[in-house]
Amino acid sequence: MRLYNTLTGQTDQFVPSSGNQVKMYVCGVTPYSAAHVGHALSYVVFDVLRRYLEHLGYQVHHVQNFTDVDDKIIQRAKLAGVSENELVARYIDDFYRGMDAMNIQRAHDYPRATQEVPGIIQTIQTLVEKEFAYPAGGDVYFRVTKSQGYGHLSHRTLDGMMAGARVQVDENKEHPMDFVLWKGAKPGEPSWDSPWGPGRPGWHIECTTMSLNRLGDPLDIHGGGQDLVFPHHENEIAQSQACTGRRPFARYWVHNGLLQLGEEKMSKSLGNLVTVEEALARNSADALRLYFLSSHYRGPLRYGDEGCAAAERGADRLRNALGLSDAVGAAWDCSPFQQQFFAAMDEDLNTPRAIATLFDLARAINHHHDDGLAIGEAQALLRRLGSLLGLTFQSRETGEQDHLAAKPFIDLLVATREDLRKAKQFALADHVRDGLASHGVVLEDTPQGTRWQRQTSAS
RNA sequence: GGCGACGUAGCCAAGUGGUUAAGGCAGAGGUCUGCAAAACCUCUAUCGGCGGUUCGAUUCCGCCCGUCGCCUCCA
C-alpha cells in the first residue's frame, strides 16, 4: 500500500524494513483526564491502519505508551486529593473502557513511563556521554544545536523557531530550544534517584527508550496526532538518532488530522471536549467510526451532533442491507466492490472512498434482493470489508436491559396489531404502531411478517 | 511574525489536466405498501476570487480573500 510519510512529505510505497514484520509505535495518552472523542478518532485511524496491514499479510507488532508522570498528573492528583498512581489508574481504566467500546484492537504492549525509569536513565546517560546532553541545575537538557537535521520532520529551522519569539528564557539552557530530558524534583513531587540527583523523566525521552527497547530501530511506523509533530516527534527523532548513532529512527511517520469542536481543536487544555463515554451514550460505535472515517485521516474533522446523526442513519443503512434474508435466486458477481474497496485503502488509507464502496455494495444488495437474487455472498463481503474498518454492525447497546424486559410485551402488541390488520382494523393497528413509536420502538411490515427494533439514533 | 494545511451541491465529504465531478445526510418526485417504515428508480454542483501556463484547469503556478493547525501541555 501507499502511505503518506510526514518525514518525506510524500505518499510513499510502504515497505517494512524486514520481511512482513511491521513495528508500529503509536504515541499514547497522558492519563490525567477522561478519554475524549479526539483520542477515539486518532486510535480508530491507527486501528484501521493495523487491521489493513494485517489483512495485507503483515505481522504487526503494535506498541502504545502511557505517559504516566507529568506536571498535569501531579497537579490534578493534588487537586483531587488522591495519589498520582490512583489518578493514573482511574484514567487508564477509562481509556481502555472507551477504546474497547469503540472496537479498537488493543496494542500488544502498553509500556508506562514510570515502569521504565532505569532504561530512561540509561538512555540519558548515553546521551550525556555522547555530549548530546548536559546536566544543569539538577536538570538534564538535550543540545539541539548538535543534532543534525533538527526540524526536518516538522519542516522548520532553529532560526525560524527563534523568530517565533515565544521561546521562554531559561537560565540553565545553552540554547533556548534545548529541551529537558530529566527534570530535577521539586519538594512533594514523585521522583527517582539518578546520577543527576532525584527527579523524573521529561516528556519525550520515555518514547525513545520504550520504542527502542520494545521494538528496536528502525521502527516501521511511528504514529500520533498532528499536534505531536512538533516538538514531541521532532525531539524523539533527535534523541533517538543521537542515542543509537543510526538513522532513521522511524521510517514512516503517520499523523492524523485533529478533531475540532466548533471552531477550535478539541483539547484537554482548552477544556472543550466531549468524552468517549458521552459520545457513545448518544451514538453507536459504528456511527462514530463511520463519521471519523468518512473524512480522510489527514484532514481536520469537525465534531458535531448533526454529523453524528447523519452517520447513524448511514450505519442504519448498512445494517438494513445485512438484515435482509437471503433468497434462493441466482448469485451475482460482487467482486468489483471488493477490488474497489482495496484500491481505495491501498491509496494512503482512503477510507472515504472505501466507505462509499460499502454504500454502493449495500445498494447492490438491496437492489438484487428486490429482484429475487441471492445476496448471502454479497452480505458476507460487506461484513468482511466493514470489519476491516472495525465496524461491527451492531446497534447501540444502551437500554439493552429495558429492551429485554419489555420484549414479551412488545411482541404481544405487535401480534395483536397483526390481528387487527388482518381484520382491516387499520385505525387501531396504526394507533398501536404510533404508540410503540413514541416509546422508541419502530415497526416494519415485510412480506415475512412484522419486524420491530429499537430506534438506533439518539433522540 | 515563521512553518504547514484547507476552501467542491442545503450540510458532511472523495476525486480528476479533457466523454456523465464518488458516497452519506437532508430535500423533491415516482414505485412498492391498507397507510407507513425499509428498499428501489429519478432529480438537485460549472469545484472561494483574480490572473498565468496549456489546444483545454475544479485539478499545475502566482497573488488575494477566508478558515484551521503547529511554533507552550495536548491524539
Side-chain angles (χ1 to χ4, degrees), chain A residues 6 9 26-30 32-33 35-46 64 67 70-72 75 151 154-157 159-168 177 203 223-232 234 255-260 263-270 273 290-291 294-296 298-302 304 306-307 309-318 320-321 323-324 340 344 347 350-360 362-363 365-371 421 424-427 429-430 433-434 437 442-447 450-453:
Chain A
T6 308
V26 180
C27 280
V29 296
T30 304
Y32 69 84
S33 64
H36 60 72
V37 283
H39 297 135
L41 163 69
S42 184
Y43 299 120
V44 160
V45 165
F46 290 100
Q64 184 169 318
T67 302
D70 99 324
D71 294 343
K72 292 245 172 62
Q75 184 190 323
S154 51
H155 305 106
R156 48 187 98 189
T157 61
D159 289 345
M161 289 184 252
M162 295 305 298
R166 291 234 264 165
V167 283
Q168 70 278 54
M177 293 309 293
W203 177 31
Q226 264 164 9
D227 52 350
L228 297 181
V229 174
F230 191 91
H232 186 53
E234 195 70 59
H255 294 104
N256 64 273
L258 302 178
L259 195 64
Q260 297 172 18
E263 296 305 308
E264 278 174 313
K265 155 180 101 149
M266 184 178 301
S267 85
K268 288 192 255 192
S269 46
L270 292 172
L273 40 79
L290 230 34
Y291 187 16
S294 66
S295 122
H296 189 82
R298 280 191 282 116
L301 177 63
R302 194 159 300 186
E306 340 67 45
E312 193 73 70
R313 296 300 314 277
D316 281 340
R317 189 169 161 73
L318 298 178
N320 282 334
L324 296 174
Q340 228 176 299
E347 193 54 40
N350 193 329
T351 53
R353 228 163 73 204
I355 287 172
T357 303
L358 254 34
F359 282 108
D360 287 340
R363 182 187 293 110
I365 289 169
N366 290 328
H367 185 127
H368 287 127
H369 177 260
D370 284 356
D371 290 348
R421 289 181 68 218
K424 309 264 187 223
Q425 303 264 25
F426 294 122
D430 290 352
R433 183 174 62 197
D434 294 345
V442 181
L443 301 196
E444 194 178 319
D445 299 323
T446 75
T450 299
R451 298 195 317 179
W452 65 266
Q453 60 180 154

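All values below were derived from every heavy atom in this structure, side-chain atoms included, with hydrogens, water molecules and symmetry-related copies excluded. Numbers restart at 1 for each chain; the letters A, B, ... are given by sequence-line order, proteins then strands.
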- For atom P, what is the distance between B:A22 and B:U46, given to the nearest Å? 14 Å

By salt bridge (charged side-chain N to carboxylate O under 4.0 Å, His left out), A:Arg353 pairs with (sequence neighbours left out) none

Within the structure, does a side-chain N or O atom of A:Arg433 lie under 4.0 Å from either OP1 or OP2 of B:G34? no

Can you find a side chain N or O atom of A:Arg421 that sits less than 4.0 Å from OP1 or OP2 on B:U33?
no

Considering only heavy side-chain atoms of A:Asp445, the closest of B:C35, B:A75, B:G2 is B:C35

Categorize A:Asp370 for me: base, sugar-phosphate, or nothing, with a 4.0 angstrom heavy-atom threshold over every strand shown. sugar-phosphate

Side-chain N or O of A:His369 versus OP1/OP2 of B:C40: is the shortest distance under 4.0 Å?
no

- Item | B:U20 to B:A26 separation - C1' atoms, rounded to the nearest Å | 24 Å

Walking RNA chain B from its 5' end, the first of A:Ile355 and A:Thr446 to be reached, judged by nearest nucleotide, is A:Ile355

Problem - Donor-acceptor contact below 3.5 Å, side chain A:Glu444 vs main chain A:Arg451 - result: no

Quiz item: Is the backbone N or O of A:Cys27 less than 3.5 Å from a side-chain atom of A:Gln64, with the two atoms forming a donor-acceptor pair by type?
Solution: no

The nucleotide from B:A37, B:C70, B:C73 with an atom nearest the side chain of A:Glu444 is B:A37

Item to complete: Determine the contact category for A:Phe46: base if any of its heavy atoms lies under 4.0 Å from a base atom, sugar-phosphate if only primed atoms, P, OP1 or OP2 are that close, otherwise nothing.
Response: nothing

Among the nucleotides B:C3, B:C71, B:A38, whichever has the atom closest to the side chain of A:Pro231 is B:C71

Exercise for review: Looking at every strand, decide which applies to A:Gly307 at a 4.0 Å heavy-atom threshold: base, sugar-phosphate, or nothing.
Suggested key: nothing

By nearest-heavy-atom nucleotide on RNA chain B, the more 5' of A:Asn366 and A:Ser154 is A:Ser154

For A:Gln226, answer base if it contacts any base atom (sugar-phosphate contacts may also be present), sugar-phosphate if it contacts only those atoms, and nothing otherwise; contact means non-hydrogen atoms under 4.0 Å.
nothing

Readout for nucleotides 7-17 of chain B: B = base within 4.0 Å of protein heavy atom, S = sugar-phosphate only, - = neither; 5' to 3' it is ------SSS--

Between A:His367 and the options A:Asp371, A:Ile365, A:Asp370, the side-chain contact (heavy atoms from CB on, under 4.5 Å) test singles out A:Asp371

When you look at A:Asp70 and A:Thr30, which way does the side-chain hydrogen bond (donor to acceptor under 3.5 Å, both in side chains) test go after all the steps? CA-CA 8 Å; A:Asp70 99 324; A:Thr30 304; 4.8 Å; no

*Look at all strands and tell whether A:Asp360 reaches a base, only sugar-phosphate, or nothing, counting heavy atoms closer than 4.0 Å.*
sugar-phosphate

Nearest heavy-atom approach of A:Arg298 to A:His255 is CG-O, 3.6 Å

Short side-chain N/O contact to B:G4 OP1/OP2 from A:Arg298, under 4.0 Å: no

Is the phosphate of B:A26 approached by A:Arg313 (side-chain N or O, under 4.0 Å from OP1 or OP2)?
yes

Can you tell me if the side-chain N/O atoms of A:Arg317 get under 4.0 Å from OP1 or OP2 in B:G24?
yes

Determine the interatomic distance between C1' on B:C32 and the same-named atom on B:C41; round to the nearest Å. 11 Å

- Task: Verify, without hydrogens or angle tests, whether A:Gln453 (side chain) and A:Val442 (backbone) share a donor-acceptor contact under 3.5 angstrom.
- Result: no

Which of B:C41, B:A75, B:C68 is nearest the side chain of A:Arg363? It is B:C41

Using a cut-off of 4.0 Å on non-hydrogen atoms, how would the nucleic acid contact of A:Ala310 be classed: base, sugar-phosphate, or nothing? sugar-phosphate

_Rounding to an integer number of angstrom, what distance separates B:A14 and B:G1 when you compare their C1' atoms?_
35 Å

Check: Which whole number of Å gives the distance between the C1' atom of B:C65 and that of B:G15?
Finding: 25 Å

### Pairwise P distance, B:U16 and B:U59 [rounded to whole Å]
13 Å

#### Entry: Distance between C1' atoms of B:C60 and B:U53 (Å, rounded)
8 Å

Taking a pair to mean Watson-Crick or G-U wobble geometry with both distances below 3.5 Å, B:C47 pairs with none

Can you check whether A:Tyr291's main-chain N or O pairs, donor with acceptor, with A:Ser294's side chain at less than 3.5 Å?
yes

task = Write down the distance separating the P atoms in B:G27 and B:C61, rounded off to the nearest Å.
result = 40 Å

*Compare the aromatic ring of A:Phe426 with the six-membered base ring of B:G34 and state whether they stack according to the 5.5 Å and 30° rule.*
yes

(Q) Mind checking if A:Gly28 touches a base, just sugar-phosphate, or nothing, with heavy atoms under 4.0 Å? (A) sugar-phosphate

Among B:C71, B:A22, B:A38, the one nearest any side-chain atom of A:Arg156 is B:C71

